[in-house]
**Student:** 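Input: one structure, supplied below.
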There are 2 protein chains.
Amino acid sequence: MVTKRFTGSSDEADLRRADSLAREIFSDVANKWALLIIEALGERTLRFSELRNEVEGISHKMLTQNLRMLERNGLAERKVYPTVPPRVEYTLTQPGQALRATVDLICGWTHEYFGHIEGARRRFDA
Amino acid sequence: MVTKRFTGSSDEADLRRADSLAREIFSDVANKWALLIIEALGERTLRFSELRNEVEGISHKMLTQNLRMLERNGLAERKVYPTVPPRVEYTLTQPGQALRATVDLICGWTHEYFGHIEGARRRFDA
DNA sequence: CTGTATCCGTTAAGATACTG
DNA sequence: CAGTATCTTAACGGATACAG
(Lines give C-alpha, C1' and ligand atoms only; values in the text may rest on other atoms or scores of the structure.)
Protein backbone atom coordinates (compact mmCIF):
# COMPACT_ATOMS: atom_id res chain seq x y z
CA MET A 1 0.00 0.00 0.00
CA VAL A 2 0.90 3.61 -0.55
CA THR A 3 0.19 4.71 2.91
CA LYS A 4 2.11 2.28 5.01
CA ARG A 5 5.30 2.07 7.01
CA PHE A 6 6.57 5.59 7.39
CA THR A 7 9.75 5.99 9.36
CA GLY A 8 10.93 8.69 11.68
CA SER A 9 8.52 8.25 14.52
CA SER A 10 8.06 5.68 17.19
CA ASP A 11 4.60 6.80 18.23
CA GLU A 12 1.62 4.82 16.94
CA ALA A 13 -0.61 7.87 16.63
CA ASP A 14 2.05 9.69 14.62
CA LEU A 15 2.25 6.76 12.24
CA ARG A 16 -1.47 6.84 11.68
CA ARG A 17 -1.36 10.58 11.04
CA ALA A 18 1.46 10.11 8.55
CA ASP A 19 -0.43 7.36 6.76
CA SER A 20 -3.56 9.42 6.46
CA LEU A 21 -1.53 12.37 5.20
CA ALA A 22 0.19 10.19 2.62
CA ARG A 23 -3.17 8.97 1.46
CA GLU A 24 -4.39 12.54 1.22
CA ILE A 25 -1.38 13.54 -0.87
CA PHE A 26 -1.95 10.56 -3.10
CA SER A 27 -5.60 11.49 -3.57
CA ASP A 28 -4.72 15.09 -4.36
CA VAL A 29 -2.23 14.04 -6.96
CA ALA A 30 -3.89 10.97 -8.47
CA ASN A 31 -6.56 12.84 -10.34
CA LYS A 32 -6.91 13.61 -13.99
CA TRP A 33 -6.79 17.41 -13.95
CA ALA A 34 -3.88 17.66 -11.54
CA LEU A 35 -1.78 15.28 -13.61
CA LEU A 36 -2.63 17.04 -16.86
CA ILE A 37 -1.66 20.39 -15.37
CA ILE A 38 1.61 18.99 -14.08
CA GLU A 39 2.33 17.52 -17.49
CA ALA A 40 1.67 20.88 -19.16
CA LEU A 41 3.84 22.78 -16.68
CA GLY A 42 6.59 20.25 -17.22
CA GLU A 43 7.30 21.75 -20.63
CA ARG A 44 7.70 25.29 -19.41
CA THR A 45 6.39 28.04 -17.16
CA LEU A 46 2.88 29.00 -18.18
CA ARG A 47 0.41 31.76 -17.50
CA PHE A 48 -3.08 31.02 -16.27
CA SER A 49 -4.61 31.64 -19.67
CA GLU A 50 -1.96 29.58 -21.41
CA LEU A 51 -2.71 26.69 -19.11
CA ARG A 52 -6.37 26.91 -19.99
CA ASN A 53 -5.40 26.39 -23.62
CA GLU A 54 -2.82 23.70 -22.98
CA VAL A 55 -5.02 21.56 -20.77
CA GLU A 56 -7.79 20.80 -23.16
CA GLY A 57 -11.29 20.84 -21.76
CA ILE A 58 -10.47 22.19 -18.30
CA SER A 59 -12.80 24.84 -16.95
CA HIS A 60 -11.76 28.11 -15.37
CA LYS A 61 -12.92 26.83 -12.03
CA MET A 62 -11.17 23.45 -12.09
CA LEU A 63 -7.97 25.11 -13.19
CA THR A 64 -7.83 27.59 -10.31
CA GLN A 65 -8.94 24.94 -7.86
CA ASN A 66 -6.19 22.52 -8.90
CA LEU A 67 -3.56 25.24 -9.13
CA ARG A 68 -4.30 26.25 -5.53
CA MET A 69 -3.98 22.63 -4.50
CA LEU A 70 -0.65 22.23 -6.30
CA GLU A 71 0.60 25.45 -4.76
CA ARG A 72 -0.50 24.38 -1.31
CA ASN A 73 1.38 21.11 -1.62
CA GLY A 74 4.45 22.92 -2.85
CA LEU A 75 4.40 21.33 -6.29
CA ALA A 76 3.84 24.52 -8.24
CA GLU A 77 4.93 28.08 -7.63
CA ARG A 78 2.76 31.08 -8.34
CA LYS A 79 4.45 34.29 -9.40
CA VAL A 80 2.40 37.46 -9.72
CA TYR A 81 3.58 40.44 -11.77
CA PRO A 82 1.78 43.52 -10.46
CA THR A 83 1.08 44.93 -13.90
CA VAL A 84 -2.20 45.88 -15.41
CA PRO A 85 -3.65 43.68 -16.64
CA PRO A 86 -2.17 41.26 -14.12
CA ARG A 87 0.19 38.54 -15.22
CA VAL A 88 0.47 35.33 -13.22
CA GLU A 89 2.93 32.59 -14.02
CA TYR A 90 3.02 29.05 -12.75
CA THR A 91 6.15 26.92 -12.54
CA LEU A 92 6.81 23.46 -11.21
CA THR A 93 8.97 23.27 -8.11
CA GLN A 94 11.58 20.56 -7.77
CA PRO A 95 9.13 18.14 -6.12
CA GLY A 96 6.69 18.99 -8.89
CA GLN A 97 9.29 18.20 -11.54
CA ALA A 98 10.01 14.91 -9.84
CA LEU A 99 6.36 14.01 -9.96
CA ARG A 100 6.19 15.13 -13.53
CA ALA A 101 8.76 12.52 -14.45
CA THR A 102 6.39 9.83 -13.22
CA VAL A 103 3.49 11.36 -15.13
CA ASP A 104 5.61 11.20 -18.26
CA LEU A 105 5.94 7.48 -17.69
CA ILE A 106 2.17 7.10 -17.47
CA CYS A 107 1.84 8.99 -20.74
CA GLY A 108 4.47 6.74 -22.28
CA TRP A 109 2.58 3.75 -20.97
CA THR A 110 -0.62 5.02 -22.60
CA HIS A 111 1.14 5.27 -25.93
CA GLU A 112 2.81 1.90 -25.65
CA TYR A 113 -0.31 -0.04 -24.73
CA PHE A 114 -2.78 1.97 -26.74
CA GLY A 115 -3.32 -0.88 -29.19
CA HIS A 116 -3.62 -3.55 -26.51
CA ILE A 117 -6.23 -1.53 -24.69
CA GLU A 118 -8.21 -0.70 -27.78
CA GLY A 119 -8.36 -4.39 -28.64
CA ALA A 120 -9.24 -5.44 -25.09
CA ARG A 121 -12.14 -3.01 -25.09
CA ARG A 122 -13.55 -4.28 -28.34
CA ARG A 123 -13.42 -7.83 -27.04
CA PHE A 124 -14.97 -6.90 -23.71
CA ASP A 125 -17.76 -4.84 -25.22
CA ALA A 126 -18.77 -7.80 -27.38
CA MET B 1 0.15 16.64 -23.65
CA VAL B 2 -0.86 13.06 -23.08
CA THR B 3 -3.26 12.92 -25.92
CA LYS B 4 -1.25 14.22 -28.80
CA ARG B 5 0.74 12.96 -31.75
CA PHE B 6 -0.22 9.37 -32.30
CA THR B 7 1.37 7.66 -35.24
CA GLY B 8 0.12 4.97 -37.56
CA SER B 9 -2.55 6.88 -39.41
CA SER B 10 -2.54 9.60 -41.98
CA ASP B 11 -6.19 10.55 -41.57
CA GLU B 12 -7.06 13.63 -39.51
CA ALA B 13 -10.28 12.13 -38.16
CA ASP B 14 -8.44 8.99 -37.06
CA LEU B 15 -5.94 11.11 -35.19
CA ARG B 16 -8.70 12.89 -33.34
CA ARG B 17 -10.32 9.58 -32.43
CA ALA B 18 -7.00 8.24 -31.18
CA ASP B 19 -6.43 11.37 -29.10
CA SER B 20 -9.85 11.19 -27.51
CA LEU B 21 -9.35 7.49 -26.77
CA ALA B 22 -5.96 8.18 -25.21
CA ARG B 23 -7.56 10.83 -23.04
CA GLU B 24 -10.27 8.37 -22.05
CA ILE B 25 -7.70 5.75 -21.06
CA PHE B 26 -5.81 8.36 -19.09
CA SER B 27 -8.99 9.39 -17.27
CA ASP B 28 -9.87 5.78 -16.48
CA VAL B 29 -6.45 5.13 -15.05
CA ALA B 30 -5.62 8.43 -13.37
CA ASN B 31 -7.99 8.00 -10.49
CA LYS B 32 -7.35 7.14 -6.89
CA TRP B 33 -9.21 3.85 -6.59
CA ALA B 34 -7.96 2.39 -9.86
CA LEU B 35 -4.37 3.12 -8.92
CA LEU B 36 -4.74 1.72 -5.43
CA ILE B 37 -6.26 -1.48 -6.81
CA ILE B 38 -3.45 -1.84 -9.33
CA GLU B 39 -0.93 -1.31 -6.57
CA ALA B 40 -2.58 -4.02 -4.46
CA LEU B 41 -2.76 -6.49 -7.34
CA GLY B 42 0.87 -5.82 -8.10
CA GLU B 43 1.88 -7.82 -5.06
CA ARG B 44 -0.09 -10.91 -5.98
CA THR B 45 -3.33 -12.34 -7.31
CA LEU B 46 -6.20 -11.46 -5.00
CA ARG B 47 -9.81 -12.44 -4.48
CA PHE B 48 -12.56 -9.88 -4.43
CA SER B 49 -12.84 -10.00 -0.65
CA GLU B 50 -9.09 -9.82 -0.20
CA LEU B 51 -8.99 -6.70 -2.36
CA ARG B 52 -11.64 -5.11 -0.17
CA ASN B 53 -9.32 -5.57 2.77
CA GLU B 54 -6.15 -4.54 0.97
CA VAL B 55 -7.54 -1.34 -0.50
CA GLU B 56 -8.42 0.49 2.65
CA GLY B 57 -11.68 2.37 2.61
CA ILE B 58 -12.97 1.20 -0.74
CA SER B 59 -16.63 0.30 -0.92
CA HIS B 60 -18.11 -2.80 -2.44
CA LYS B 61 -19.52 -0.73 -5.28
CA MET B 62 -16.36 1.19 -6.16
CA LEU B 63 -14.37 -2.01 -6.11
CA THR B 64 -16.60 -3.85 -8.60
CA GLN B 65 -16.92 -0.76 -10.73
CA ASN B 66 -13.18 -0.27 -11.00
CA LEU B 67 -12.48 -3.96 -11.46
CA ARG B 68 -14.87 -4.04 -14.43
CA MET B 69 -13.09 -1.03 -15.87
CA LEU B 70 -9.65 -2.59 -15.42
CA GLU B 71 -10.91 -5.82 -16.98
CA ARG B 72 -12.45 -3.96 -19.90
CA ASN B 73 -9.18 -2.18 -20.60
CA GLY B 74 -7.29 -5.45 -20.39
CA LEU B 75 -5.28 -4.43 -17.32
CA ALA B 76 -6.67 -7.07 -15.00
CA GLU B 77 -7.89 -10.58 -15.61
CA ARG B 78 -10.87 -12.10 -13.87
CA LYS B 79 -10.84 -15.81 -13.19
CA VAL B 80 -13.98 -17.47 -11.84
CA TYR B 81 -13.88 -20.79 -10.04
CA PRO B 82 -17.36 -22.32 -10.28
CA THR B 83 -17.41 -23.53 -6.71
CA VAL B 84 -19.91 -22.81 -4.02
CA PRO B 85 -19.46 -20.34 -2.60
CA PRO B 86 -17.95 -18.77 -5.74
CA ARG B 87 -14.31 -17.83 -5.83
CA VAL B 88 -13.11 -15.05 -8.12
CA GLU B 89 -9.49 -14.09 -8.53
CA TYR B 90 -8.04 -10.98 -10.09
CA THR B 91 -4.58 -10.77 -11.62
CA LEU B 92 -2.74 -8.00 -13.42
CA THR B 93 -2.07 -8.62 -17.09
CA GLN B 94 1.25 -7.62 -18.59
CA PRO B 95 0.00 -4.11 -19.51
CA GLY B 96 -1.36 -3.88 -15.97
CA GLN B 97 2.01 -4.84 -14.52
CA ALA B 98 3.69 -2.22 -16.67
CA LEU B 99 1.33 0.42 -15.35
CA ARG B 100 1.90 -0.84 -11.84
CA ALA B 101 5.57 -0.04 -12.19
CA THR B 102 4.69 3.61 -12.75
CA VAL B 103 2.30 3.60 -9.80
CA ASP B 104 5.15 2.32 -7.66
CA LEU B 105 7.12 5.37 -8.67
CA ILE B 106 4.31 7.67 -7.59
CA CYS B 107 4.23 5.89 -4.25
CA GLY B 108 7.97 6.30 -3.99
CA TRP B 109 7.59 9.95 -4.83
CA THR B 110 5.03 10.37 -2.06
CA HIS B 111 7.46 8.90 0.46
CA GLU B 112 10.38 10.93 -0.78
CA TYR B 113 8.63 14.28 -0.73
CA PHE B 114 6.40 13.66 2.22
CA GLY B 115 8.31 16.11 4.39
CA HIS B 116 8.50 18.82 1.72
CA ILE B 117 4.78 18.63 1.18
CA GLU B 118 3.92 18.63 4.84
CA GLY B 119 6.01 21.76 5.29
CA ALA B 120 4.61 23.47 2.21
CA ARG B 121 1.11 22.89 3.51
CA ARG B 122 1.84 24.37 6.90
CA ARG B 123 3.33 27.45 5.25
CA PHE B 124 0.44 27.81 2.81
CA ASP B 125 -2.25 27.36 5.41
CA ALA B 126 -0.76 30.16 7.48
C1' DC C 1 -18.62 -15.12 -1.77
C1' DT C 2 -19.43 -12.26 -5.60
C1' DG C 3 -22.19 -9.35 -8.17
C1' DT C 4 -26.12 -6.27 -9.57
C1' DA C 5 -29.53 -2.80 -8.58
C1' DT C 6 -31.62 0.99 -6.03
C1' DC C 7 -31.89 4.77 -3.12
C1' DC C 8 -29.99 9.01 -1.55
C1' DG C 9 -26.84 12.40 0.24
C1' DT C 10 -22.42 14.65 -1.00
C1' DT C 11 -19.31 16.49 -3.94
C1' DA C 12 -17.66 17.67 -8.61
C1' DA C 13 -17.97 20.59 -12.13
C1' DG C 14 -19.95 23.81 -15.77
C1' DA C 15 -21.98 28.43 -16.55
C1' DT C 16 -22.29 32.93 -15.36
C1' DA C 17 -21.53 37.23 -13.30
C1' DC C 18 -18.73 40.36 -10.84
C1' DT C 19 -14.10 42.47 -8.65
C1' DG C 20 -9.22 44.20 -8.71
C1' DC D 1 -6.02 38.84 -17.15
C1' DA D 2 -6.70 36.45 -13.09
C1' DG D 3 -9.52 35.32 -9.41
C1' DT D 4 -13.68 34.70 -6.42
C1' DA D 5 -18.46 33.74 -5.63
C1' DT D 6 -22.90 31.81 -6.60
C1' DC D 7 -26.19 28.92 -8.74
C1' DT D 8 -27.50 24.64 -10.84
C1' DT D 9 -26.91 20.07 -12.69
C1' DA D 10 -24.63 15.72 -13.08
C1' DA D 11 -21.70 12.37 -11.38
C1' DC D 12 -19.65 10.06 -7.49
C1' DG D 13 -19.84 7.27 -3.89
C1' DG D 14 -21.78 4.90 0.36
C1' DA D 15 -25.45 1.96 2.38
C1' DT D 16 -28.58 -1.45 1.79
C1' DA D 17 -31.07 -5.21 -0.15
C1' DC D 18 -31.29 -9.08 -2.97
C1' DA D 19 -29.86 -12.85 -6.49
C1' DG D 20 -26.66 -16.67 -8.23
**Student:** Calculate the interatomic distance between Asn31(A) atom CG and dT11(C) atom P; express it in whole Å.
**Tutor:** 16 Å
**Student:** Figure out the CG/C1' separation between Leu67(A) and dC1(D), and round it to whole Å.
**Tutor:**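 About 14 Å, once rounded to whole Å.
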**Student:** Calculate the interatomic distance between Ile37(B) atom CD1 and dG13(D) atom C1'; express it in whole Å.
**Tutor:**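 Nearest whole value for this atom pair: 13 Å.
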**Student:** Does OP1 or OP2 of dA2(D) have a side-chain N or O of Ser49(A) closer than 4.0 Å?
**Tutor:** yes
**Student:** Starting at atom CE of Met62(A), determine the distance to atom C1' of dT16(C), rounded to an integer number of angstrom.
**Tutor:**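 Atom CE in Met62(A) sits about 15 Å away from atom C1' in dT16(C).
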**Student:** Do you reckon Leu21(B) sits in the same ILVMFWY cluster as Tyr113(A), going by side-chain contacts under 4.5 Å, direct or chained?
**Tutor:** yes
**Student:** I want to check one thing: is the phosphate of dG3(D), taken as OP1 and OP2, less than 4.0 Å away from some side-chain N or O of Arg78(A)?
**Tutor:**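 Answer is yes, contact under 4.0 Å.
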**Student:** Please evaluate residues Trp109(B) and Val29(A) with respect to the criterion side-chain contact (heavy atoms from CB on, under 4.5 Å), reporting the C-alpha separation (whole Å), side-chain torsions for both, the decisive distance (0.1 Å), and the verdict.
**Tutor:** CA-CA 11 Å; Trp109(B) 174 88; Val29(A) 142; 4.2 Å; yes
**Student:** The side chain of Val88(A) is closest to which nucleotide in this list: dG3(D), dG13(D), dG14(C)?
**Tutor:** dG3(D)
**Student:** Do the side chain of His60(B) and the base of dG14(D) come within less than 3.5 angstrom through a donor-acceptor pair of N or O atoms?
**Tutor:** no
**Student:** Measure the distance from NZ on Lys61(A) to C1' on dA15(C) and round it to the nearest whole Å.
**Tutor:**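 It works out to 10 Å between those atoms.
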**Student:** Would you say dA2(D) has OP1 or OP2 under 4.0 Å from some side-chain N or O of Arg87(A)?
**Tutor:** no
**Student:** Is the phosphate of dT4(C), meaning OP1 or OP2, less than 4.0 Å from a side-chain N or O of Arg68(B)?
**Tutor:** yes
**Student:** Nearest to the Pro86(A) side chain among dG14(D), dG20(C), dG3(C), which nucleotide is it?
**Tutor:** dG20(C)
**Student:** When Leu36(B) is tested against each of Val55(B), Leu41(B), Asn66(B), Asn31(B) for side chain to side chain contact (heavy atoms under 4.5 Å, CB included), which residue passes?
**Tutor:**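 Exactly one candidate clears the test, Val55(B).
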**Student:** Could you tell me whether Tyr90(B) contacts a base, only the sugar-phosphate backbone, or nothing, with contacts defined as non-hydrogen atoms closer than 4.0 Å?
**Tutor:** sugar-phosphate
**Student:** Using the rule that Ile, Leu, Val, Met, Phe, Trp and Tyr join whenever any side-chain heavy atoms are under 4.5 Å apart, tell me whether Val88(B) and Ile58(B) fall into a single cluster.
**Tutor:**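 Linked, Val88(B) and Ile58(B) end up in one cluster.
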**Student:** Taking CZ from Arg52(B) and C1' from dG3(C), how many angstroms apart are they, rounded to a whole number?
**Tutor:** 12 Å
**Student:** Just the rounded figure in Å: distance from P of dG14(C) to CG of Leu63(A).
**Tutor:** 11 Å
**Student:** Write down the distance between CG (Leu46(A)) and P (dA2(D)), rounded to a whole number of angstrom.
**Tutor:**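 Between P of dA2(D) and CG of Leu46(A): 11 Å.
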**Student:** Are Trp33(A) and Leu63(A) connected into the same hydrophobic cluster when the rule is that any two of I, L, V, M, F, W, Y join if their side-chain heavy atoms are below 4.5 Å apart?
**Tutor:** yes
**Student:** Using only side-chain N and O atoms of Arg47(B), determine if any of them is under 4.0 Å from OP1 or OP2 of dC1(C).
**Tutor:**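 No, no such contact exists.
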